[in-house]
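Lettering of chains follows the sequences in order, A, B, ..., and the numbering in each one begins at 1.
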There are 4 protein chains.
Amino acid sequence: MNAATSGSSSHEAEGSAIATAEVATSPGRGRPRDATRDAALRNAALEVLAEVGYRALTMDAVAAHARAGKATIYRRWESKLELVIDTCTQLVQRNIPEPDHGSIERDLGEFLSAFATFLSGPIGKAAQALVGELPHEPELAAAFRESFLLPQRDMLRRLIDRGIERGEIRDAAPVDTVVELAGAALIHRLMLTGEPLDQRFVDRLLYDALLPLLR
Amino acid sequence: MNAATSGSSSHEAEGSAIATAEVATSPGRGRPRDATRDAALRNAALEVLAEVGYRALTMDAVAAHARAGKATIYRRWESKLELVIDTCTQLVQRNIPEPDHGSIERDLGEFLSAFATFLSGPIGKAAQALVGELPHEPELAAAFRESFLLPQRDMLRRLIDRGIERGEIRDAAPVDTVVELAGAALIHRLMLTGEPLDQRFVDRLLYDALLPLLR
Amino acid sequence: MNAATSGSSSHEAEGSAIATAEVATSPGRGRPRDATRDAALRNAALEVLAEVGYRALTMDAVAAHARAGKATIYRRWESKLELVIDTCTQLVQRNIPEPDHGSIERDLGEFLSAFATFLSGPIGKAAQALVGELPHEPELAAAFRESFLLPQRDMLRRLIDRGIERGEIRDAAPVDTVVELAGAALIHRLMLTGEPLDQRFVDRLLYDALLPLLR
Amino acid sequence: MNAATSGSSSHEAEGSAIATAEVATSPGRGRPRDATRDAALRNAALEVLAEVGYRALTMDAVAAHARAGKATIYRRWESKLELVIDTCTQLVQRNIPEPDHGSIERDLGEFLSAFATFLSGPIGKAAQALVGELPHEPELAAAFRESFLLPQRDMLRRLIDRGIERGEIRDAAPVDTVVELAGAALIHRLMLTGEPLDQRFVDRLLYDALLPLLR
DNA sequence: CGATAATCGAGACGGTACGTCGAGTCTTTAG
DNA sequence: CTAAAGACTCGACGTACCGTCTCGATTATCG
């Protein structure tokens, strides 16, 4: 679906349900795709998305923002949906550094703060905009989970695993459930209640629920 | 905004940001509204919503489904959004009976099961469809929270309060956090991961996280 | 193709290859077509046509000129071509009064002058714009000939027939050829050479060619 | 505008409004233009023109037909219009041999037949396609008249002039009018009525109108 | 009872965005 | 410098949907 993406990150292409190959006739003839347009378009999409939301985002607006023709967009993405999800997943990669300070309390607190900050930005808004489409767009759902939910969940699990190795976690701790609850609590606040993802909330979540369940 | 709704439930009209008054000119002149059309339209809206989702839901489709004219819809709701939220909130009322068996374990378990079942139905799908619109539609957000989030949260809190009165809950239990986590876990599964809201999940949530945090 | 046309002039619908029935669900339900929009659109089309020519005429421009939506145009005509030909044929009707002064010289002269004036206006420009499409649009060709060429040819023939009855025309006069040459000369000037269709030209055509061939 | 054309026919370049100089930088550096591409492109243009008409003719189609890139076309002609007119005017040259048999009747008849045959071919179709553009493209109009109308008119006039010298033409004959009518009659049939340019028509034109007016 | 007024289904209305396609330009690799 | 290939910007195409308005036909209350 996106030649630029699949071309630039070969090791991820297999894992992603979105960045299917089907294109990237790069060694062929003709003028190659202008890589700067990819970035410009994704950037424009993110700007428009942050300004007006998913539904009010129009392809014309994105094109105008990037001083591009609509055809240049449709050459890369088949629909508004794909443009948006690719734009987001692209930005999700490596935005939250994995903490490792030898303490589950500190690692977990740092991760939650970082993730909360991350979610409070444009990506969070974009993700929210996509939720309503998930049930009717299986490919989007797969990509969304793979690049939005899984990395965060896996990082969280690694944090806890290191705590287990250090003996900080009690034996019967419901690790899976804690991992699920951590993400759920943040996202629920962000998307449903609309309350702020501030440090108070993070602390309460950490010290009232997650840590007590773990140790 | 909705004559039918505000007319039939006068005590809720004040509390709701949606069901504003302006209406129910029933004893006026002219042909009175056909009450059967209200139900038919809401029904049609729900069908279409379940079939194609919020974005692909068109007013023409709803009208056609209900064999009604579009004006008949717009006479009752000001927009597609209002139609959908009213349709949903209407159905939310009194769909989950409040359990009271003298045991926090049993009450909580029953509530979670009932809520999970409820969410797995069309209302859950509809709610998911609305999430993406919340940030850009303050009225919708208010109505959504009031009729979707609050009732469930309040019921949950009452359950726990009764447990406190019975001495089942320990003193320092993080009640607010538990209430928030319960809802968050269910909704996160429903809308984000797409995994089933089955009894196994409910049990795990209950016995691994909620109850341990409470007692 | 055009409900308004075929509905309003039933006796012409059969003769015309363009104004096919297929629509005119007039006695049906729903809001009837606004007849004033027909005129406004045709008027706008003619204005735009005169300004920029056929190729540069865009449906958006016509719609904007008439303060109408594009759908309102496409509801009446299936394409730009149909809009233009219907606009023109509509205006051709009864634009040249048939002279009858009891003299072939005077009748013919008056007719040629009137036709020359008529062709020099917007209809002439529009007709020229359509010529290039005729070979690839059989329906257009039929309509064009029927409403543009035939009326003029028939009127010319009636003029001459009256002259024959009055004994002004010699027996062996090549009436068909004269009729053909009269139209051809005017149209050739208009569309091919671009020279003006002035009185000098009309007189020369009349006294140097047409009358000598007839009497 | 067209290097190839102006290079190959230097004596006509001055007279033509189209074949401007700028030209055949042949002794320059780099790879020389492939002369076979000129013919291939003109040929492709003519084919496409005959198939689908001027409006539906696309540069991509011409390029594909000639297995050429679009740049190869635009290097030679500045626009679609120029390509078409150059293609046509190129083919007009020397397609009608000038008859000279010492008899106005025979010369005129032969010329009319040859011209009718010529018009019935692809050039006639192409010419028709251009008519609608003439009012809005002055350069095209000039080129069209110069290479399409004038040569035929001049040849016709020379024919008649020779007849005058031979004493075949009466003194007061309206030569200009006859010349104009001859061309107009053929073109009118070709482009407007669509009737065939057959020998019957040519004979009728010749013996019923042109010759009687001349002698 | 008749007049008045609001309802109903149906669908036309002005707008706006869609996704496609064509014109003419630019940029690559290959010669 | 030219060739083929094809990406680029721009803008028109014809379609679909939104929310409004207008039609003929009901269906109630009011005078």
* Structure fact -> Walking DNA chain F from its 5' end, the first of B:Ala61 and C:Lys80 to be reached, judged by nearest nucleotide, is C:Lys80
* Asked: Which sits closer to the 5' end of DNA chain F, B:Leu81 or A:Arg67, going by the nucleotide each is nearest to?
  -> A:Arg67
* OH on A:Tyr74 to NZ on A:Lys80, rounded to 0.5 Å -> 9.0 Å
Check the distance between [N]'s [atom2] and [X]'s [atom1] and give it to me in whole angstrom.
X: B:Leu41; N: E:dT7; atom1: CG; atom2: C1'; answer: 13 Å
X: D:Tyr54; N: E:dG22; atom1: OH; atom2: P; answer: 15 Å
X: C:Asp38; N: E:dA12; atom1: CG; atom2: P; answer: 12 Å
X: A:Arg33; N: F:dA7; atom1: CZ; atom2: P; answer: 5 Å
X: B:Ile73; N: E:dC8; atom1: CD1; atom2: P; answer: 11 Å
X: B:Tyr74; N: E:dC13; atom1: OH; atom2: C1'; answer: 14 Å
X: B:Met59; N: E:dG9; atom1: CE; atom2: C1'; answer: 16 Å

* **Residue whose closest nucleotide on DNA chain E lies nearer the 5' end, B:Ala63 versus A:Asp60** =>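 Between the two, 5'-proximity favours B:Ala63.
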* Return the 5'-most residue of the pair B:Ala66, C:Gly69 with respect to DNA chain E, ranking by each residue's nearest nucleotide. => B:Ala66
Need one value for [X]: base, sugar-phosphate or nothing, where a base atom within 4.0 Å counts as base even if backbone is also close, heavy atoms only.
X: B:Ala71; result: base
X: B:Leu57; result: sugar-phosphate
X: D:Ser79; result: sugar-phosphate
X: B:Leu83; result: nothing
X: D:Lys70; result: base

* Lys/Arg-Asp/Glu bridge criterion (N-O < 4.0 Å) met for A:Arg33, A:Asp38 -> no
Identify all side-chain donor-acceptor contacts of residues 58-69 of chain B below 3.5 Å with residues at least two apart in sequence or on another chain.
residue : atom : partner : partner atom : Å
B:Thr58 : OG1  : B:Ala61 : N            : 3.0
B:His65 : NE2  : B:Glu47 : OE1          : 3.2

Counting only side-chain N and O atoms of [X], is one of them less than 4.0 Å from OP1 or OP2 of [N]?
X: B:Thr72; N: E:dG9; result: yes
X: A:Arg37; N: F:dT9; result: yes
X: B:Arg76; N: E:dC8; result: yes

* **Residue list, side-chain hydrogen bond (donor to acceptor under 3.5 Å, both in side chains) with C:Glu51, at least two apart or on another chain** => none
* Identify, with sequence neighbours excluded, every residue that meets side-chain hydrogen bond (donor to acceptor under 3.5 Å, both in side chains) alongside B:Gln128. =>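 Counting only residues at least two positions away or on another chain, B:Gln128 forms no side-chain hydrogen bond (donor to acceptor under 3.5 Å, both in side chains).
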* To do: Taking only the side-chain heavy atoms of A:Arg75 (C-beta and beyond), determine which of E:dT20, E:dC13, F:dA7 contains the nearest atom.
  =>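 Nearest to the side-chain atoms of A:Arg75, counting from C-beta on, is F:dA7.
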Show each protein N/O and nucleotides 25-27 of chain F N/O combination with a separation under 3.5 Å, one pair to a line.
residue : atom : partner : partner atom : Å
F:dT26  : O2   : B:Arg31 : NH1          : 3.0

* Identify, with sequence neighbours excluded, every residue that meets side chain to side chain contact (heavy atoms under 4.5 Å, CB included) alongside D:Ala129. =>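 So D:Ala129 forms a side chain to side chain contact (heavy atoms under 4.5 Å, CB included) with D:Tyr54.
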* Asked: Among all residues two or more places apart in sequence or in another chain, which pass the side chain to side chain contact (heavy atoms under 4.5 Å, CB included) test with B:Leu46?
  ->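 In terms of side chain to side chain contact (heavy atoms under 4.5 Å, CB included), with neighbours along the sequence ignored, B:Leu46 is linked to B:Thr87, B:Leu91, B:Pro122.
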* Asked: Are any of the side-chain heavy atoms of B:Arg76 and B:Arg37 separated by less than 4.5 Å?
  -> yes
